[in-house]
Amino acid sequence: MTFRELYKTVKALISNASDSSGTEALLLLSYVTQLTKERVLLHFDDPVEDDVIRRVLDLARLRSDGFPLQYLVGKCYFYGLELDIEDGVFIPRIETEVLVDIALEIVEKGDLRVVADIGTGSGAIAIAISLNSSCQVYATDVNERALTLAQRNAEKLGAKICLFKGAFLEPLKPVLNKVDLIVSNPPYIPKDAILPKEVLMEPVNALFAGEDGLEFYREFFSQVNLLRGKDILMEFSPEQKDQIERFGVFGEISFYHDQFGKIRFFHIKIK
């Protein structure tokens, strides 16, 4: 079997799970062979070793079953950064890159010095902010595996972030008085929502937040007495805007769109 034939086989095999089966097929070939995509194409009519065929097809079958491509290759990309990713840790989304843009604008406008990222996962948001500002960045997660991965990503990319384990504001209490801006892409999906199989492969506590998807926000703002004077920037689902607006009682609230034109983020300066 040649690379071309293997590519066609893989593309057909994963077409049920991906709208970009050609691109993903090439990525799997590149990943297994450790060749760049360009070199794979240069060798398209060369024979492929049996072991490579077996490994590529094994991964393709997993992908066909809905296993996320990022978990298969152990990599994802966010804000121009290549991050390690693994099963059990939330995969950062391209929409969330805009949250980083907004956070950096708030930091610059307010001359802020300290940022905290709640629910950091792979460390994507915290690392991007650290590498694009002079802020001290703290990051938290309840998931030990995520914290280990975030630390590895930070070290690999040369970002200085300080990690804490715990939920909501609890792990930040020793440093909370220094924090100027809190950012988060929290879980906000209603527990009964119907999601693609691929998404359901990700950790449920990073996805679901109670009956209406608002459980995280309610719990977070129940501790508003600890947030006086701080800026809060979070992601949410567009259909939740009316409910999110109610948190404007704690301060002036602003909404922002993602790069696809959907209302996706809110910013509150707590009174």
Side-chain angles (χ1 to χ4, degrees), residues 67-104 115-133 135-172 175 179 181-189 191 193 195-196 198-210 213-217 219-220 232-237 258 264-266:
F67 205 70
L69 178 70
Q70 295 91 334
Y71 288 162
L72 292 175
V73 300
K75 302 289 180 187
C76 64
Y77 296 89
F78 182 83
Y79 216 75
L81 306 170
E82 183 183 86
L83 300 168
D84 292 346
I85 194 69
E86 60 188 43
D87 185 13
V89 180
F90 181 75
I91 300 167
R93 305 305 202 258
I94 189 172
E95 292 90 341
T96 308
E97 293 183 0
V98 177
L99 184 145
V100 175
D101 287 335
I102 300 166
L104 293 172
V115 178
D117 174 25
I118 294 180
T120 197
S122 64
I125 295 172
I127 291 169
I129 291 174
S130 174
L131 292 176
N132 289 278
S133 74
C135 289
Q136 165 68 57
V137 180
Y138 299 108
T140 74
D141 209 290
V142 297
N143 182 343
E144 187 70 44
R145 190 170 191 175
L147 290 171
T148 299
L149 182 64
Q151 183 64 48
R152 188 165 82 232
N153 279 324
E155 290 173 357
K156 181 179 78 169
L157 295 166
K160 295 181 179 178
I161 64 174
C162 185
L163 294 156
F164 298 95
K165 183 179 181 181
F168 300 101
L169 297 176
E170 189 61 35
L172 290 171
V175 298
V179 173
L181 168 64
I182 295 175
V183 299
S184 183
N185 176 21
Y188 53 70
I189 299 173
K191 72 173 189 177
L195 299 175
E198 181 174 347
V199 176
L200 292 172
M201 298 278 187
E202 297 184 68
V204 294
N205 64 351
L207 299 172
F208 299 104
L214 298 168
E215 190 174 275
F216 177 94
Y217 308 111
E219 178 64 27
F220 178 84
I232 310 299
L233 174 64
M234 292 185 178
E235 184 168 326
F236 68 100
S237 185
D258 63 22
R264 180 74 63 182
F265 314 99
F266 70 90

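Computed from a predicted model, the values in this text were never measured in an experiment.
Under the 4.5 Å side-chain criterion, counting only non-hydrogen atoms from C-beta, V98 is not in contact with R264. A heavy-atom distance below 4.5 Å is found between the side chains of M234 and F220. Side-chain contact between F208 and L195 is present, with at least one heavy-atom pair separated by less than 4.5 Å. Contact check for L149 versus N143: no side-chain heavy atoms found under the 4.5 Å cut-off. Under the 4.5 Å side-chain criterion, counting only non-hydrogen atoms from C-beta, K75 is in contact with D84. Taking 4.5 Å as the limit, every side-chain heavy atom of I129 sits out of range of all side-chain heavy atoms of L181. Within the 4.5 Å cutoff, the side chain of F90 has heavy atoms near those of the L207 side chain.
Heavy-atom minimum distance, P187 versus A209: O-CB, 3.3 Å. Considering every non-hydrogen atom in both V89 and S122, the closest pair reads CG1-N, 3.7 Å. Of all non-hydrogen atoms in G158 and L131, the two that sit nearest each other are O-CD2, 3.8 Å. For the residue pair P186 and F216, the shortest heavy atom distance occurs at CB-CD2, 3.3 Å. The minimum heavy-atom distance between D87 and Y71, with the atom names listed, is N-CD2, 3.6 Å. Smallest separation of non-hydrogen atoms from V142 and N205: CG2-ND2, 3.6 Å.
Atoms CD1 and CG, from I127 and N153 in turn, are 5.0 Å apart once rounded to the nearest 0.5 Å. Interatomic distance, SG of C135 versus NZ of K160, reported as 14.0 Å (0.5 Å rounding). Here the straight-line distance linking atom CG of L69 with atom CD1 of I85 works out to 12.0 Å at 0.5 Å rounding. Atom CE of M201 and atom CD of Q70 lie 12.5 Å apart (nearest 0.5 Å). We find the OG1-CG distance between T140 and D117 to be 7.0 Å, quoted to the nearest 0.5 Å. One distance of note links OH of Y77 with CG of L83; it measures 9.5 Å at 0.5 Å rounding.
Judged by distance alone, with hydrogens and angles left aside, the side-chain atoms of E202 form a donor-acceptor pair with the main-chain N or O of I91 at under 3.5 Å. The closest donor-acceptor contact from the side chain of S130 to the backbone of A126 lies at 3.5 Å or more, if one exists at all.
Applying side chain to side chain contact (heavy atoms under 4.5 Å, CB included) to T120 and the options V183, N185, D141, I161 leaves one that passes, D141. The side-chain hydrogen bond (donor to acceptor under 3.5 Å, both in side chains) test with Y79 singles out one residue from T96, N132, D101, and that residue is D101.
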Side chain to side chain contact (heavy atoms under 4.5 Å, CB included) evaluation trace for I118 with F168: CA-CA 7 Å; I118 294 180; F168 300 101; 5.7 Å; no
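Scanning for ring pair (Phe, Tyr, Trp, His ring centres under 6.0 Å) contacts around F78 gives an empty result, with sequence neighbours left out.
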